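This report refers to the structure that appears directly beneath it.
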There are 2 protein chains.
Amino acid sequence: MLKDFMRKKLREQGSRVTAQREAILKIFEEYGDHLGADDVYNLLLKRKKPISKSTVYRTLELLTGIGILRKLEFNGGVYRYELSEPSSNHHHAVCTRCGKIIDLKFEEVSELFKKAEKMGFFVNNYSIILYGLCPSCQENEMKSITEKMDNDESR
Amino acid sequence: MLKDFMRKKLREQGSRVTAQREAILKIFEEYGDHLGADDVYNLLLKRKKPISKSTVYRTLELLTGIGILRKLEFNGGVYRYELSEPSSNHHHAVCTRCGKIIDLKFEEVSELFKKAEKMGFFVNNYSIILYGLCPSCQENEMKSITEKMDNDESR
DNA sequence: ATAAGTGCAAAGGATTTGCGATGGG
DNA sequence: CCCATCGCAAATCCTTTGCACTTAT
């Protein structure tokens with residue numbers, strides 16, 4: 001159980017198990033991935049578990065440090081987090097129109113790693129992100145283009 | 001010549017060719033890649049071409065829009081930019097200790113693209129970043145560890 | 001008991017915006 | 001001449017920090 005893992009890890013390093021930390025972990029277990037600090041904050045509000053934003057930030061950082069969360073950086077300069085357990089090698093496709101994030105599995109990254117290591121670089125972590133349009137935004141994009149053409153014609 | 005390309009692109013979309021825009025392009029041509037807004041601002045100051053920071057931000061965004069620059073997002077929530085021309089398929093290795101950025105060439109991303117497209121996602125752009133330690137920081141890291149061990153012994 | 005963690009409010013850093021002044025086409 | 005662009009200062013957004021209070025161990 002992830003909760004027990006967190007407790008163990010926290011105690012190991014002399015950190016404490018607090019209600020806030022458990023509540024945040026729960027949010028990730030229930031609402032899944034790609035949550036930003038603000039999302040976590042608001043979800044806890046809705047759940048009648050008000051928390052301070054600084055605590056959210058500090059906890060996300062802490063949980064990343066002990067390997068429970070992974071810190072992600074998509075378009076927009078907002079950090080997001082996901083449970084780091086599931087599948088290590090999945091990447092993200094971010095829709096630049098609506099912001100939707102799609103997960104992708106992919107293994108063939110090893111080649112790139114080898115190259116980096118040949119250059120003496122020690123790889124700790126990596127991020128692969130595709131930017132583009134998700135299916136529904138492609139449709140909408142189409143619509144706007146058609147509309148625009150209609151307008152141009154009727155001038 | 002890149003300068004001419006920019007002029008053409010700007011005029012095409014009804015934007016103007018200004019001294020500031022040309023100066024910023026020049027900075028990228030001379031100082032190369034991975035520059036943040038603040039870097040550009042300071043380099044222009046040194047060059048006795050003072051500019052307003054807002055103009056830098058607006059221009060970087062504009063040049064990205066017309067395909068002259070590519071917007072990058074490394075660790076730390078600071079946007080950086082590079083000329084988008086050179087080789088489309090190079091990626092970055094960022095040293096998490098000193099911030100140095102190493103370029104890597106890699107072609108085998110097509111697989112991942114295919115997967116995304118099979119899921120109906122239209123790929124516009126992508127980012128692949130490795131985080132880790134560059135050669136010299138690995139050495140320093142070693143030193144600090146050895147020092148730490150020495151200290152522990154002498155307690 | 002006591003050191004770690006919390007909440008609050010204030011500070012910080014990067015980027016964006018509103019607006020009067022400037023200048024390219 | 002007119003509208004896009006500029007510079008400046010203020011505003012905004014996300015995140016971090018300082019400090020007195022609270023709480024897990």
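Every value quoted in this text rests on a predicted model; they were computed, and no experiment measured them. Each chain gets a letter, A, B and so on, in the order its sequence line appears, and its residues count up from 1.
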Examine [N]: is either OP1 or OP2 under 4.0 Å from a nitrogen or oxygen in the side chain of [X]? Give yes or no.
| X | N | value |
| --- | --- | --- |
| Ser52(A) | dT6(C) | no |
| Arg21(A) | dT6(C) | yes |
| Tyr57(A) | dT16(D) | no |
| Gln20(A) | dT23(D) | no |

Please state how far atom [atom1] in [X] lies from atom [atom2] in [N], giving the value in whole angstrom units.
| X | N | atom1 | atom2 | result |
| --- | --- | --- | --- | --- |
| Leu10(A) | dA24(D) | CG | C1' | 12 Å |
| Tyr79(B) | dC13(D) | OH | C1' | 11 Å |
| Lys53(B) | dA14(C) | NZ | C1' | 9 Å |
| Glu22(A) | dG5(C) | CD | P | 14 Å |
| Glu61(A) | dT16(D) | CD | C1' | 10 Å |
| Lys49(B) | dC6(D) | NZ | C1' | 16 Å |
| Leu60(B) | dT5(D) | CG | C1' | 15 Å |
| Lys9(A) | dA4(C) | NZ | C1' | 19 Å |

Task: Leu69(A) vs Tyr81(A), side chain to side chain contact (heavy atoms under 4.5 Å, CB included): CA-CA, chis, key distance, verdict - done: CA-CA 6 Å; Leu69(A) 296 179; Tyr81(A) 297 80; 4.2 Å; yes
TODO: Would you mind telling me which of dC14(D), dG7(D), dT15(C) lies closest to the side-chain atoms of Ala37(B)?
DONE: dT15(C)
Open item on the list: Regarding dC6(D), can its base be found pairing with the side chain of Ser54(B) as donor and acceptor, where the two atoms are less than 3.5 Å apart?
Closed with: no
- [ ] Tell me which of Gly14(B) and Ile51(B) sits closer to the 5' end of DNA chain D, going by the nucleotide each one is nearest to.
- [x]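 Mapping each residue to its closest nucleotide by heavy atoms, the 5'-most match is Gly14(B).
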Open item on the list: Test: salt bridge (Lys or Arg N to Asp or Glu O under 4.0 Å). Region: residues 43-52 of chain B. Which pairs qualify, not counting sequence neighbours?
Closed with: Glu30(B)-Arg47(B)
- [ ] Could you tell me whether Glu29(B) and Lys3(B) have a side-chain N and a carboxylate O separated by less than 4.0 Å?
- [x] no
TODO: Could you give me the CA-CA distance, side-chain angles and deciding distance for Tyr79(A) and Leu72(A), then say whether side chain to side chain contact (heavy atoms under 4.5 Å, CB included) is met?
DONE: CA-CA 6 Å; Tyr79(A) 293 113; Leu72(A) 308 170; over 6 Å; no
Measure all distances between protein nitrogen or oxygen atoms and nitrogen or oxygen atoms of nucleotides 23-25 of chain C, and list the pairs falling under 3.5 Å.
residue: dG23(C); atom: N2; partner: Arg16(B); partner atom: NH1; Å: 2.6
residue: dG24(C); atom: N2; partner: Arg16(B); partner atom: NH2; Å: 3.1
residue: dG25(C); atom: OP1; partner: Val17(B); partner atom: N; Å: 3.4

Open item on the list: Measuring only between side-chain heavy atoms, which start at C-beta, is Pro50(B) closer than 4.5 Å to Leu44(B)?
Closed with: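 Heavy-atom side-chain distance check fails, nothing below 4.5 Å.
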- [ ] Starting from the 5' end of DNA chain C, give me the residue, Val56(A) or Arg58(B), whose nearest nucleotide shows up first.
- [x] Val56(A)
Task: Hydrophobic cluster membership, Tyr57(B) vs Leu45(B), 4.5 Å side-chain cutoff - done: no
- [ ] Following the transitive rule for hydrophobic clusters with a side-chain heavy-atom cut-off under 4.5 Å over Ile, Leu, Val, Met, Phe, Trp and Tyr, establish whether Ile24(B) and Ile66(B) coincide in one cluster.
- [x] yes
